[in-house]
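Structure first, then comments.
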Amino acid sequence: MLISEFLHNITNKALEDLLKAKGIDTNNSPDFIIEKPKNSDFGDFATSLPLQLSKLLSSNPMEIAENLVSLLPDCKEIEKLSIAKPGFINFSLSKNWINNEIKMILVSEKDYGRPLEAKNFKIQVEFVSVNPTGRLHLGHMRGAVIGSTIANLLENQRFNVQREYYVNDAGNQMQIFGNSIIERIKEANGADFNVSEDHYKGEDIIEIAKELAPNYKNYNLENVEDSTFNEIKNKAKDKCILKIKDDLNLIKIKHDSWFYESSLIDSNYFSDTLQNLDDLNLTYKKDDALWIKTEELGDERDNVLVKSSDKKPTYFATDIAYHRNKFEVRNFEKVIDLWGADHHGHIKRMEIILEKLGIDSKKLIVLLNQIVSLKSSSGISKFSKREGTSILLKDLVGEIGSDACRFSFISRSPESQMEIDIDIFKKQSSENPVFYIQYAHARLSSILRSSEYFKIKFDDADINLLISPDEINLIKKLIEYPELLNRITENLNVHELSTYSLELAQIIHKFYEKNRVIDEDLANIEQTKSRLLLVKASKIILSNLLSLMGMESPEKM
RNA sequence: GCGCCCGUAGCUCAGCUGGACAGAGCAUCUCGCUUCGAACGAGAGGGUCGGGGGUUCGAAUCCUCCCGGGCGUGCCA
């Protein structure tokens, strides 16, 4: 159990006792939190419960605080309880308990902060899911990095996690993609070509077309037959997906599952879903199209499921089938989708349809990240795949590296709007805070190498010798780690990982500057050993963090 | 117009379900390497938390109204 949970439990017990003594129904007891105060003078944890109770008990918060404290049990975890104006209770943890945590870090290593047993709970994290109509660019990185970090974290917390990429290969964009490829093949083969407004214009498209061109030298591609069109489109799609996989690989992302939109149609699961909606009396025909009655379910308007023009399903229609499949066929107990903010209007109608299909929509969690836009001296421009004006992921990673890229996106909360000035972005990458964190790791590694060189064994070191402010600060920061992981598992705010990493690195650097670890004077060997223990524990936590964020933990830099 | 999101230091951003003096990095200005890595540390300056009301013992955080920006409001995805 987390220490904050433990403190909450005993405080809650004291609260109930207090209310009973006053003859108040315990059902009225307020929710309260145990939190870490910003100022460490106020102990390791604190609660403002007495302030919250003031009205209910109609008495002075300071008195309530005293009463509550008197009702709290003596326990080995707590060193000191105190009250502070205007009505806080402050908890200081016992040295003994803290020392045990440090030992736990050293024993558990990668498993520190993880639950002991695997959770039998299937979670799918679906992220990236960019149309296979070109390579990934800067605008796609945000969701990719956040999604992969969430998946890493949930896996770390022993959920049964599947990382999925949804391949939108059945829609209109694929037709445009196919047409674009064919024009570029014609171009590559020296024939007349016609790249218009509606075509994808990026270098990546030209590259794919060039690879395919030799196979179609003797084809007349002017009025191409459906079969040939589909053949070319599919070959180009496959090549494109391989390139997307290469791109993802560059930023340490590997999906477990690639789910094709086309498979929903081929397997008749899509038509089955339509039938299902029809059975629920949710669809109707109008203007030669098939509509769904989302307005009466609370959406802004009704939506089209099957288009009149080509009798093909809309994105929304196949997405209903896709999400139904996640829950009904594959039995995920929770699904986390990472979408760009331009999809936010899509959430509500998806949820109401899921409910109609008998699926608890709370099982679907959609995380929106705000769209990334490019800023330059000429103003703000958008990433446009169609226009090919984006900055390719592979180029950016090649220039500034995966770790700096990942950190830049992890460290911002998803709802913050990013207007990236690419020159500043690149410049900041060279001095990216990730290097500050990694440098701390490299320094710790260096110390441990020295200890091996001097053959200093410190398994039996005495943690009680760690008493300087820098050492205490470091220890306190380390034992926050399980609380951090627990919190992010709940709120999915992975940018807290980056904030914590920076704080930890800072404390490590301060500790390093002021406390020489390896003292060559043998009279101080016990202190050397205890500090080595702390160094090792710090390195474990730092390395775990970097690993969760998908970054390297360098032994040397 | 309507809906959702955002506005915190010169710049990029944190600030965890309201909590105890508004933070970090970069940039600017000082200072510190004969000892484990100076990709570091110590210190200084810099903010009416977009603005006005309100709720509360307490508001950057909640409510409301303005201002400014993003996204959505397709038989695109």
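On a predicted model such as this, the values are computed, not experimentally measured, just so you know. Throughout, a chain's letter reflects where its sequence line sits, starting with A, and its residues are numbered from 1.
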Start at the 5' end of RNA chain B and walk down; is the nucleotide closest to A/E496 or to A/A170 reached first? A/E496

Spacing of the P atoms in B/C75 and B/C67 (rounded, Å): 31 Å

Strictly by modelled atom types, are A/H137 and A/D204 linked by a side-chain donor-acceptor pair under 3.5 Å? no

Is it the case that B/C57 (base atoms only) and A/S54 (side chain only) share a donor and an acceptor within less than 3.5 Å, ignoring hydrogens and angles? no

Distance check, P atoms only: B/G7 and B/A60, in whole angstrom units. 14 Å

What integer number of Å spans the C1' atoms of B/A27 and B/A9? 11 Å

So, is A/Q506 close to the B/G25 phosphate, meaning a side-chain N or O under 4.0 Å from OP1 or OP2? yes

Contact under 4.0 Å: A/Y436 side-chain N or O vs B/G41 OP1/OP2: yes

B/C13 versus B/A59 - spacing of their P atoms, nearest Å: 28 Å

Under a 3.5 Å limit for both distances, which nucleotide forms a Watson-Crick or G-U wobble pair with B/G32, could you say? B/C40

Any strand is fair game: report the nucleotide pairing with B/C4 by Watson-Crick or G-U wobble, both distances under 3.5 Å, or none. B/G70

Just checking A/K55: base, sugar-phosphate only, or nothing, at a heavy-atom cut-off of under 4.0 Å? sugar-phosphate

Touch class at under 4.0 angstrom, heavy-atom based, for A/Q417 against every strand present: base

Distance check, rounded to the nearest 0.5 Å: A/F316 atom CZ versus A/I353 atom CD1? 5.0 Å

The side chain of A/W291 lies closest to which of these nucleotides: B/C13, B/C75, B/G19? B/C75

So, does A/K307 get its side chain near the phosphate of B/C76, meaning an N or O under 4.0 Å from OP1 or OP2? yes

Under a 3.5 Å distance rule, please check whether A/H8 uses its side chain to pair with a backbone N or O of A/F32 as donor and acceptor. yes

Ignoring backbone atoms, establish whether A/R443 has a side-chain N or O less than 4.0 Å from OP1 or OP2 of B/A38. yes

With a 3.5 Å cut-off and no angle check, do the side chains of A/H199 and A/S196 form a donor-acceptor pair? yes

May I ask you to say what A/N39 touches in the nucleic acid, namely base, sugar-phosphate or nothing, with a heavy-atom cut-off under 4.0 Å? base

Say you pick atom P in B/C16 and the same atom in B/C11; how far apart are they, in whole Å? 23 Å

With a 3.5 Å cut-off and no angle check, do the side chains of A/N486 and A/E5 form a donor-acceptor pair? no

Does the side chain of A/S416 get closer than 4.0 angstrom to OP1 or OP2 of B/A14 through an N or O atom? yes

Return the pairing partner of B/G46 with a 3.5 Å limit on both distances, Watson-Crick or G-U wobble; otherwise return none. none

Check whether any side-chain N or O of A/K510 sits under 4.0 Å from OP1 or OP2 of B/A42, and answer yes or no. yes

In this structure, how many angstroms lie between the P atom of B/U73 and the NE2 atom of A/H343, rounded? 10 Å

Can you find a side-chain donor-acceptor pair between A/H343 and A/D337 that sits under 3.5 Å? no

Using a 4.0 Å heavy-atom cut-off across all strands, classify A/N515 as base, sugar-phosphate, or nothing. base

Counting only Watson-Crick or G-U wobble pairs whose two distances fall under 3.5 Å, which nucleotide matches B/A60? none

Any strand is fair game: report the nucleotide pairing with B/C75 by Watson-Crick or G-U wobble, both distances under 3.5 Å, or none. none

For A/N90 and A/A46, indicate whether the former's side chain and the latter's backbone hold a donor-acceptor pair under 3.5 Å. no

Strictly by modelled atom types, are A/T294 and A/R349 linked by a side-chain donor-acceptor pair under 3.5 Å? no

Could you pick out which residue, A/H346 or A/S446, lies toward the 5' side of RNA chain B when each is mapped onto its nearest nucleotide? A/S446

Distance-only donor-acceptor test, A/E419 side-chain atoms vs B/G70 base atoms, 3.5 Å: no

Sticking with atom C1', work out how far B/G46 lies from B/G52, rounded to a whole angstrom. 26 Å

Give me the distance, rounded to whole Å, that separates B/C21 from B/U17 when you measure between the C1' atoms they each carry. 23 Å

Assess, by modelled atom type and distance only, whether the side chains of A/D519 and A/Q527 contain a donor and an acceptor separated by less than 3.5 Å. no

Positions of residues 475-484 of chain A (non-hydrogen atom under 4.0 Å from RNA chain B), listed by number: none

Would you mind classifying the nucleic acid contact of A/S450 as base, sugar-phosphate or nothing, using non-hydrogen atoms under 4.0 angstrom? sugar-phosphate

Less than 3.5 Å between a donor and an acceptor, one on the side chain of A/N90 and one on the base of B/A20, is that the case here? yes

If you compare every side-chain N and O of A/K38 against the phosphate oxygens of B/C21 (OP1, OP2), does one of them come in below 4.0 Å? no

Could you tell me whether the phosphate oxygens of B/C16, OP1 or OP2, come under 4.0 Å of any side-chain nitrogen or oxygen in A/R487? no

Short side-chain N/O contact from A/S413 to OP1 or OP2 of B/A14, under 4.0 Å: yes

Pairwise P distance, B/G51 and B/U61 [rounded to whole Å]: 10 Å

Is there a donor and acceptor pair closer than 3.5 Å between the side chain of A/H344 and the base of B/G3? yes

Please check if any side-chain donor atom of A/D266 sits under 3.5 Å from a side-chain acceptor atom of A/Y260, or the reverse. no

As a test of reading the structure: which of B/G41, B/A20, B/C75 is closest to the side chain of A/A289, going by heavy atoms? B/C75

Mate of B/C26 where both pairing distances stay under 3.5 Å, Watson-Crick or G-U: B/G10

So, A/Q173 and A/T133: side-chain donor and acceptor under 3.5 Å apart, yes or no? no

Atom-to-atom span, CH2 of A/W339 to P of B/G72 - whole angstrom: 15 Å

Select one nucleotide: of B/C40, B/U73, B/G37, the one nearest the side-chain heavy atoms of A/E300. B/U73

Is there side-chain contact between A/L51 and A/F88, with at least one heavy-atom pair below 4.5 Å? yes

Side-chain N,O (A/H495) to OP1/OP2 (B/G15) below 4.0 Å: yes

When all nucleic acid strands are considered with a 4.0 Å heavy-atom cut-off, which category describes A/S411: base, sugar-phosphate, or nothing? sugar-phosphate

May I ask whether A/Y439 stacks on the base of B/G37, given the cut-offs of 5.5 Å between ring centres and 30° between planes? no

Looking only at side-chain N and O atoms, does A/R301 come under 4.0 Å of OP1 or OP2 in B/G74? yes

For A/E415 and B/C16, give me the distance from atom CD to atom C1', rounded to whole Å. 12 Å

